[in-house]
Structure formats: structure tokens, C-alpha cells
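The figures that follow rest on heavy atoms only: side chains count, while hydrogens, waters and symmetry mates do not. Each residue takes its place number in the sequence, starting with 1. This one's a predicted model, so the numbers in the text were calculated from it and none came from an experiment.
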Amino acid sequence: ISFNVIDSALSSLKNSQSYINSGMDLATKIAFDLVESFNDEEDVNSMENVMLEYAAMDRELNNYIRAFEETLNQVKREKPENIPDLENLIKEKLIALESENSDSDFQKNEKYMYFMDQLKEMKKQYNGNETIEEIDEDIAVTRSQMNFICPITQMEMRRPVRNKVCGHIYEEEAILEIIQSRKQKKKKVRCPKMGCSHVDVKGSDLVPDEALKRVIDSQNKQ
């Protein structure tokens, strides 16, 4: 059996995931823009629904790719004399995989979880009882010193990243420099935030904190 055409089709299927990822990135940016410009809550909710649809599409595509791959691998292993009905075999495998679908699947989608986490932070920053414009200057300065200062550089952050493990935030360049330096010495990195017990900070655990970055940028424009 020649699998060249099938393997090529599978490769194209995987490439289509990039379109879903791009759509999720765009929907995330639009939702953040809506919150920042104090748009109607209904508009923001519509973007949440869009992200949920994208996450569902991503799950469906992953199930299809998995069904495709597992079926092909099985046929390649068994090397039957007669060409099997691949379409039916894949369909059966897909039905079995989809029967295991649950809402908790979306918690495995990093882009969707990042969106929900950051949207929550955005709403907290922009839709609280007091907006940045309503905070008097002294309180604004104090809040900046408390929330916007990197524990490593002791300067206001420009590109804040959040540690998914402990939740602390650092300037991206500063924490990556420490990680790289310690890696060369084959040593782990303790979280630089005073009092934190997390002793193994990894680059893969860091995600951009878009919500905080927007708040910092907004304050600096005033």
C-alpha cells in the first residue's frame, strides 16, 4: 500500500491548525481591545463565544488527526494483503474519540486558557469600581510601585511575563537572562519574588501578561 498521498493529506490537515491559532490570536487581541476601550459587555462576551468555538474546532481537528494517525499506523504495522476501507476505519476511530469529549478538554488548550485568564485580569483592571482615570495621583504612584515593578530589575516592567506555576510576574528579558545563566551552570532558578517557594522557574512556564502590559502602557500615556 502506498501511503504517500495519505501522508501528504495528513500534513495539510496539520497545517490547517495554524489558521485556528491565528484566529484565536486575533480574537484575543480584539477582546482585549474591547475591554480596554470600555465597550459593551455583550461585545466582549461574543468574543468569548468565538474563542470557545475555536477551541472546539481545535479539539475536533486534533481528534481527526489522531484518528487518522492511529489508523494508518495500525495498517502499516499489520501490512494486510488487501487494501482496507481506510475511510470507515478512521470514522470508527473518530467516533470513539469524540465519545470521550468533555468540557474539561478546553483546559488543555493553552491559547483558550491564556485568553480566559488574561481576559479576567483585563476586566479586573478596567471594569473595577474605579478606573485608572479616577485614581488620584498618589494612589496611582503607589499602585505602580506595588504592581508594575519587576522583582529582578526593580524597574517598571515593559514586557511583563507571568509564571504559570507560582503566578509571579517579571520583566521578560531579565528572567530569561537568569534562566540562561543558571542553565549554563546546570542549576535551577528560584523565583525572584521575595517569599516565593517555587525553586524551578522554566522559560516554558512563562506567558506574556498582556493585561498588565496594557495597564502599564495606559498609565504611561497619561
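- A 4.5 Å side-chain heavy-atom check between Met194 and His168 finds every atom pair outside the cut-off.
- Heavy atoms from other residues, nucleotides or ligands lying under 6.0 Å from CG of Asp103 number 12 at most.
- In this structure, Lys14 pairs ionically with Glu69, as a charged nitrogen and a carboxylate oxygen lie closer than 4.0 Å.
- Met157 approaches Tyr170 most closely through the heavy-atom pair SD-C, 3.4 Å.
- Heavy-atom contacts from other residues, nucleotides or ligands closer than 6.0 Å to CD of Glu98 number more than 12.
- No more than 12 heavy-atom neighbours from other residues, nucleotides or ligands sit within 6.0 angstrom of CD on Glu42.
- Contact check on Glu172 versus Lys213 returns no salt bridge, with no Lys/Arg side-chain nitrogen under 4.0 Å from an Asp/Glu carboxylate oxygen.
- Between Arg182 and Lys188 the shortest side-chain heavy-atom distance does not fall below 4.5 Å.
- Here the options are Lys91, Lys93, Glu92, the test is side-chain contact (heavy atoms from CB on, under 4.5 Å), and the partner is Ile95; only Lys91 passes.
- Under a 4.0 Å N-O distance rule, the pair Asp33/Lys29 qualifies as a salt bridge.
- Residues Asn21 and Lys111 form a side-chain contact, since some pair of their non-hydrogen atoms from C-beta on lies under 4.5 Å apart.
- Rounding to the nearest 0.5 Å gives a distance of 11.0 Å between CZ of Arg77 and CG of Leu72.
- A salt bridge links Lys124 to Glu121: at least one charged side-chain nitrogen sits closer than 4.0 Å to a carboxylate oxygen.
- The closest side-chain heavy-atom distance from Val199 to Cys191 is not below 4.5 Å.
- Across every non-hydrogen atom of Ile169 and Pro151, the tightest pair is O-CD, 3.3 Å.
- Within the 4.5 Å cutoff, the side chain of Ile178 has no heavy atoms near those of the Ser181 side chain.
- Between Met47 atom CE and Tyr54 atom OH the span is 8.0 Å, to the nearest 0.5 Å.
- Put simply, the side chain of Gln118 reaches to within 4.5 Å of the side chain of Phe32, judged on heavy atoms.
- At a threshold of 4.0 Å, the pair Arg162-Glu171 does not count as salt-bridged, since none of the basic side-chain nitrogens sits closer than that to a carboxylate oxygen.
- Between Val201 and Ile179 there is a side-chain heavy-atom pair separated by less than 4.5 Å.
- Nearest heavy-atom pair across Pro208 and Val161 is CA-CG1, 4.1 Å.
- To the nearest 0.5 angstrom, Leu34 atom CG is 10.5 Å from Asn45 atom CG.
- Within the structure, side-chain hydrogen bond (donor to acceptor under 3.5 Å, both in side chains) contacts touching residues 57-68 (residues at least two apart or in different chains) are Gln17-Asn62, Asp58-Asn62, Asp58-Asn109, Arg59-Asp105, Asn63-Asn101, Arg66-Glu70.
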Test side chain to side chain contact (heavy atoms under 4.5 Å, CB included) on Tyr112 and Met116 and set out the steps. CA-CA 6 Å; Tyr112 179 71; Met116 295 303 293; 3.8 Å; yes

